[in-house]
Amino acid sequence: MEFLPLFHNLRGARVLVVGGGEIALRKSRLLADAGAVLRVVAPEIGTELRELIGSSGGEQILRGYSEADLNGCVLIIAATDDEPLNAQVSADARQRCVPVNVVDAPALCSVIFPAIVDRSPLVIAVSSGGDAPVLARLIRAKMESWIPPTYGHLAGLAARFRHQVKKLLPNVQQRRAFWEEVFQGPIADRQLAGQGAEAERLLQAKIDGEAPPATGEVYLVGAGPGDPDLLTFKALRLMQQADVVLYDRLVAPAILELCRRDADRIYVGKQRADHAVPQDQINQQLVVLAKQGKRVVRLKGGDPFIFGRGGEEIEELAAHGIPFQVVPGITAASGCAAYAGIPLTHRDYAQSVRFVTGHLKDGTSDLPWKDLVSPAQTLVFYMGLIGLPIICSELIKHGRSADTPAALIQQGTTSNQRVFTGTLANLPQLVAEHEVHAPTLVIVGEVVTLRDKLKWFEGAQAGV
Ligand code: SAH
């Protein structure tokens, strides 16, 4: 190990920064965040840095560096573009046995700045010992993405109860088991969901020896239109915590794979005509599983609140007092449009976009056709394949031109995506010709022409 990571308590301690430019500013910001008292020495100091020094109660010295500037400082930073000067500062600091960092010159450093993931009080530092700072930064970026911003609040929660738990469980092993349960269970869920008071209440109950609440929780999770890359961080986190996953036909296998390995998977998919599991039965199943104390993920294609019947499911949960969270997902319209090169709105072509169900009750045309034909509006039909001939003819009958551009996007955002463009007049014919099947999204409006203008081709979008 080239460098030993230590976390430095700088609160109230004086730190010398030599240099007044951009790099000095960046380092000074970090130091000020850690509560250091800045002493910045440079013939010129940028405005922002001067403001920072002012607001953090530091001092600025507008002249060249002198060895005496080190007096009283616990850490020295050389951040100038003058190499001999940086080397001098480094030598002076080492002479006095004070830790020194020279920006971008690992050989002159006794301490180096790691890449930081700040979830205070939880802080993660990554270092490549100065050999490959970019690599360290990339690792940091990965961590940023899978550690939710509120994660630090868990540490805060633990801090508030640490003494109580220590008193209750003098044995280290017992304490470790206790905290592992807290950080991986419903108490952490509450805290991460922003319900700090409830998390505290549950933790206090656990300390007081009360039996944990028997009720689990349901997460209604939007899985997006197909490409697993389009999941949200929150969706992934909850999927990896679940005890049970109830999923739809629309949820791609690659997404299901991302659920916790040992979670039970229950298929409740609905084919259009044959309702494999009726909706009220799904609602009840969610209630039963949650009442068994399970953490249940209800995984839905796209967004749970857009033609996803999410509303009905949470109504049932609410009626039974079962806690739930809803995680939005990228809806098919956004996903398919982006991956097919069709902007849903455009200043020149469409000032609004409308998501419409194409599932016509009893095969009749019960949609507000008059509203749907107004110009400069993009229409997106979900579940519109079966009713497509009626949809197209009604739109034409009510005044939308038969030449209106339209697109069919089958299995959008997946590696099987197929896109066909035509007009309202020939769209049903395209379905037959190319044997288009569900899931397919229909987009109607002038914006469809932009696909050609953008010279879009399948696979233009990364991941397809
Ligand atoms: N809640 C989902 C929609 C469910 S309704 C969402 O927000 O996306 C089901 C309809 O969505 C399908 O009939 C189809 O029209 C559309 N759909 C969903 N995923 C799709 C995909 N990957 N490609 C094309 N259409 C899709």
Side-chain angles (χ1 to χ4, degrees), residues 219-232 235 246-256 267-277 279 282 297-314 326-342 344 353-361 363 367 378-392 406-421 427-428 430-431 434-444 448 451 456 458-459 461 463-464:
Y219 314 119
L220 218 60
V221 175
D227 182 352
D229 238 15
L230 294 178
L231 280 175
T232 60
L246 275 75
Y247 65 101
D248 271 358
R249 181 174 53 99
L250 276 177
V251 175
I255 289 179
L256 209 55
Y267 176 70
V268 291
K270 285 176 293 202
Q271 300 288 347
R272 196 182 158 281
D274 96 81
H275 283 233
V277 181
Q279 185 64 46
I282 298 176
V297 160
R298 172 74 175 104
L299 203 54
K300 289 176 163 290
D303 182 279
F305 280 180
I306 296 181
F307 305 126
R309 306 188 74 169
E312 296 166 44
E313 290 173 11
I314 55 175
V326 182
V327 181
I330 292 187
T331 190
S334 306
C336 294
Y339 279 52
I342 302 172
L344 291 177
V353 55
R354 198 153 170 162
F355 298 170
V356 190
T357 172
H359 181 56
L360 308 171
K361 269 191 205 136
L367 290 174
T378 304
L379 302 177
V380 181
F381 288 95
Y382 288 67
M383 301 168 279
L385 212 46
I386 307 273
L388 194 65
I390 298 179
I391 291 169
C392 291
L408 298 161
I409 304 161
Q410 180 190 313
Q411 287 170 285
T413 79
T414 72
S415 52
N416 299 321
Q417 171 172 306
R418 296 201 298 161
V419 181
F420 303 99
T421 54
L427 214 55
L430 286 178
V431 171
H434 298 281
E435 296 179 11
V436 176
H437 60 78
T440 290
L441 198 76
V442 182
I443 302 182
V444 177
V448 170
R451 177 178 157 86
W456 204 266
E458 279 352 283
Q461 188 81 17
V464 175

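Bear in mind the structure is a predicted one, so any value in this text is a computation, not a measurement. In what follows, every heavy atom counts, from backbone to side chain, and hydrogens, waters and symmetry copies are set aside. Start at 1 and go down the list; that is how both ligands and their atoms are numbered.
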Report task. Rounded to the nearest 0.5 Å, what's the gap from CG on Leu344 to CD1 on Ile443? Could you check? Result -> 5.5 Å

Report task. With Leu299 as reference, evaluate Val268, Leu246, Val251 under the side-chain contact (heavy atoms from CB on, under 4.5 Å) test and give the passing residue. Result -> Val251

Query raised in the report: Mind checking what residues have non-hydrogen atoms under 4.0 angstrom from ligand 1?
Result: Pro225, Leu250, Gly301, Gly302, Asp303, Ile306, Phe307, Thr331, Ala332, Cys336, Tyr382, Met383, Ile409, Gln411, Gly412, Pro439, Thr440, Leu441

**Report entry** Derivation and outcome, side chain to side chain contact (heavy atoms under 4.5 Å, CB included), residues Tyr382 and His359
**Finding:** CA-CA 8 Å; Tyr382 288 67; His359 181 56; over 6 Å; no

Report summary line: Between Arg418 and the options Glu435, Gln411, Gln410, the side-chain hydrogen bond (donor to acceptor under 3.5 Å, both in side chains) test singles out Gln410

Query raised in the report: Could you state the interatomic distance from CG (Leu408) to CG (Leu388), rounded to the nearest 0.5 Å?
Result: 6.5 Å

Query - Side chain Glu313, main chain Leu220, donor-acceptor under 3.5 Å - result: no

